[in-house]
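Working notes, structure below.
Chain naming here is simple, since letters A, B, ... match the order of the sequence lines and numbering starts at 1 in each.
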Amino acid sequence: MKKALVILVFITMAVSVFAMGDKEGTAAAGSAPATIKIGATWPLGDITGKQGSMAAQQAVDEINAAGGINGHKLELIVIDDELKADKGAAAIEKLVTVDQVDVIIGGMASGVALGQIPAMKKYGKVVVATGAASYKVEEALGADANWYFHLHPWDYNQGQSYADGWAAIQAKYPTIKVGRIFLAYEEGAFGKASFDSSKVLFGNAYTFDGAPFKSAAFGGGDYAAVLDAAKQYKPDLFLWAGYDADALPMLEQAKAMKFNPGIYLGAPPGWPADFGKSPLANNVMLYGMWAPAVNDISPASKKFYTGFVAKYGVEPATYFAPLSYSAVYIVADAIKRAGTTETAALIKALEATSYASPLGQTITFSPANIIKHQGIRNQKILQWQNGRQEVIWPFESATSKPVYPFPAW
Amino acid sequence: MKLKGSYLAAAAATAVVVAFPAFLGAYPLAVARSIMTYMALAISWDMLLRSGQISFGIAGLFGLGSYASALAVLRGGMDPFTSILFASAFAAVMSMLLGLAILRLRAMYFSITTLALMEIFKIVIHNLHDFSGGPEGVVLPEPIFGGSAPALFWLCMAGLFMTIGVSWYFEKSKMHLALTAIRNDETSARSSGVDIFKYLLIAFVITSTLQGMMGAIQVQSYGFTTPDTAFDANFTLLPLAMALLGGIHSTIGPMAGAVLLGVASEWLKLKIPYGHLIVYGFIIILVILFMPQGLVGLARKTIRNGRTGVRHE
């Protein structure tokens, strides 16, 4: 009897907590829609999600300070997806059914997005996604997901932009020769997808090979095997696709092994905050969408950067910050033009987006391989020079010339 | 009379849970599904623990079930519900074959081997790229039952109830005596005629089957899987923490731990968006340090002390 009573107590407790959530929803539904609610999910324990959500809040505050949208204030409701598919899916359910948001933004990991898609499809709310690069996400969405606006480039977009970038750099700087490329990739979905798409794109024009490694982010951190394979291969361009936790240890081990490729390039979603302060970082190249150096060429970037530093006292360290900031402005601008948050009108307004973003490029939407609304299609090629990330390519956004070759240790 | 009351209360609790979709929205149902999944894993882990064997292979068998179900649908054309049964049977067969090899091991040797198996399963799935989708995983045409929140809830609940039922059977049948005897003193148990290997194999196969089944339910509910998702170490670590928090060697302990940690995790996340995981981890450490017998053990001790106090008066 006691055991059964314990069961009843636990169930009552759990139901009470859940029911509280439902009551919140009822209250929200009963009140006048004085605010426009933007729901968002990011991994808040990761720098991409943390700074992405901070930048989105910055944009909301700026818009509200300027009078809101058509007289309505904006409200941002952020839920941590914890980099877990089930948590991300539950977050979408809460945002839609309890918080009753008008639009959903955010996202970083493809694995979480895949878990969220069934709930997104069920409700058909407008989504402006800041993450999810895997083509599997696009496959799961299908061609009918006209409510889905994808800002981040797909993996195949990124691969194509790198191929274009290196061709352009070699044409402009004849001293830079890239014949052999080696890709060290983390063994998970992100790294393998990078390898597969790069193999297709680089395979014809370059001699291309690669090997996997276990990322320090998932308990790895010993790169001796993959660096040795790369050294034997003698690449002109050594590229690694992993996470921020791999950046410094891989560089230190490369130095210890006296591995000196002509170009040493990393492609993590975010870099360690103090990476640029390490003397080893100088002249390391990277793929990314944004760096503080973009402030030199873009007033929108300067406005974002200045506001972020003033509000939070730290520098944005990942392109997810300006990307998420852009997502809020794109949504706000579309609602303003549509005059409503009604889905069909909002989709139409979003399709007409032309936003001069802090990423140093104007964002518009056009069809991708499957979905109808793809935003950004390229990443930039950058280089750490004297502690600062400089844009090398595209040339119209360039803030410096490349330093080549990567100096010997 | 005591037994009858207990059954009545359990039936009432079951009825309340079954009726959740009638008065809870999609979000609480999604959270409940997550809690029920971890609860089933915690109970199944505890069932083997009652023999003294500590398995770290929960995530491995969960992932194995996930992939067996997903690939049965995608490559075998099986319908989603049948694929869950298939995945459970697959986990049973695999665990029986593995059990024949590893159940001769004891203590940390068994634990480390189960941990290694988890990694091996993951590596195999990683490398069977054309068949398993490799690191990018596989996407199903759609979640089971069209993604209906109540139907998914009841499916997960059915998996949980099956696990609870088997666990209660373990508690009430001679399995309990056999596993407890093995845990307390293997030599005495053997000299008393307990077929140690047989009982360990039965417990290992049954708990693995339940873990594989929950993995299959999970993949069919979300409509996709990747090696990183299916073999996530959280599917090993969280059930352990839940069972330890609630109290081991019982059915009710892991249930209590799963509800408390599951609800606490979600509540903390909403109240402390930036830092809830630190608080969550801190709670687990404190509970394990100061309540090693778990909540159920603490409750039992409190009730016992209360009774003793009454008698003294």
Side-chain angles (χ1 to χ4, degrees), chain A residues 1-8 10-15 17-19 21-22 25 44-45 50 53 78-80 82 84-87 89-98 110-112 114-115 117-119 121-123 134-137 139-140 187-193 196 212 218-219, chain B residues 2 5-10 12-13 16-17 20 23-35 37 126 129 133-139 142-143 147 149 218 221-224 226-229 232 234 251-252 255-256 259-260 262-263 266-267 269-270 273-277 296 299 303:
Chain A
M1 188 69 187
K2 274 180 301 194
K3 280 185 184 176
L5 280 174
V6 171
I7 296 170
L8 275 175
F10 281 128
I11 289 171
T12 310
M13 193 182 73
V15 170
V17 172
F18 294 157
D22 271 2
L44 301 184
K50 187 180 178 186
S53 63
V78 179
I79 301 181
D80 187 0
E82 300 179 43
K84 293 177 189 165
D86 60 335
K87 296 284 184 180
I92 296 295
E93 299 280 9
K94 180 178 184 294
L95 290 171
V96 177
T97 63
V98 179
S110 297
V112 177
L114 285 166
I117 285 171
K121 280 185 172 176
K122 184 166 64 178
Y123 298 113
S134 169
Y135 69 95
K136 290 272 180 187
V137 174
E139 283 181 2
E187 61 186 15
F190 163 59
K192 185 64 167 58
D196 288 345
F218 299 105
Chain B
K2 184 184 172 189
S6 182
Y7 279 128
L8 277 174
V16 170
V17 176
F20 269 7
F23 53 92
L24 291 180
Y27 164 59
L29 290 180
V31 175
R33 265 168 49 209
S34 179
I35 292 174
T37 302
H126 254 272
H129 196 273
E136 293 102 323
V138 288
V139 178
E142 64 168 353
Q218 174 96 343
S221 299
Y222 290 99
F224 88 100
T226 67
D228 289 343
T229 310
D232 188 341
N234 277 313
T251 304
I252 193 73
M255 286 175 72
V259 172
L260 273 179
V263 172
E266 195 65 20
W267 186 81
K269 185 171 81 174
L270 299 178
Y274 299 93
H276 60 98
L277 290 174
V296 172
I303 292 167

Bottom line for B:Pro273: the part with an atom under 4.5 Å from chain A's heavy atoms is both
| Does any non-hydrogen side-chain atom of A:Lys87 lie less than 4.5 Å from one of B:Lys269? | yes
Max heavy-atom pairs within cutoff under 4.5 Å with chain A, candidates B:Arg33, B:His276, B:Glu142, goes to B:His276
Cut-off 4.5 Å, heavy atoms of chain B, and the answer for A:Ile79 is side chain
So, the part of A:Tyr135 with a heavy atom under 4.5 Å from chain B: the answer is side chain
Q) Can B:Tyr274 and A:Ser53 be counted as having a side-chain donor-acceptor contact under 3.5 angstrom? A) yes
Residues A:Ala85 and A:Gly111: closest non-hydrogen pair is CB-O, 3.7 Å
- Item | Validation row: B:Glu136, B:His129 side chains within 4.5 angstrom (heavy atoms) | yes
Looking only at A:Ala140, A:Gly188, A:Ala89, A:Ser134, the option with the highest number of non-hydrogen pairs under 4.5 Å against chain B is A:Gly188
A:Asp80 and A:Leu44 have their tightest heavy-atom pair at OD1-N, 3.0 Å
One option among B:Leu277, B:Thr226, B:Thr229, B:Asn234 has the most heavy-atom pairs under 4.5 Å with chain A, and it is B:Asn234
Cut-off 4.5 Å, heavy atoms of chain B, and the answer for A:Lys136 is both
Answer key: most heavy-atom pairs under 4.5 Å with chain B among A:Glu139, A:Lys50, A:Glu82 is A:Glu82
query = Is the count of non-hydrogen atoms from other residues, nucleotides or ligands lying under 6.0 Å from A:Lys84 atom NZ greater than 12?
reply = yes
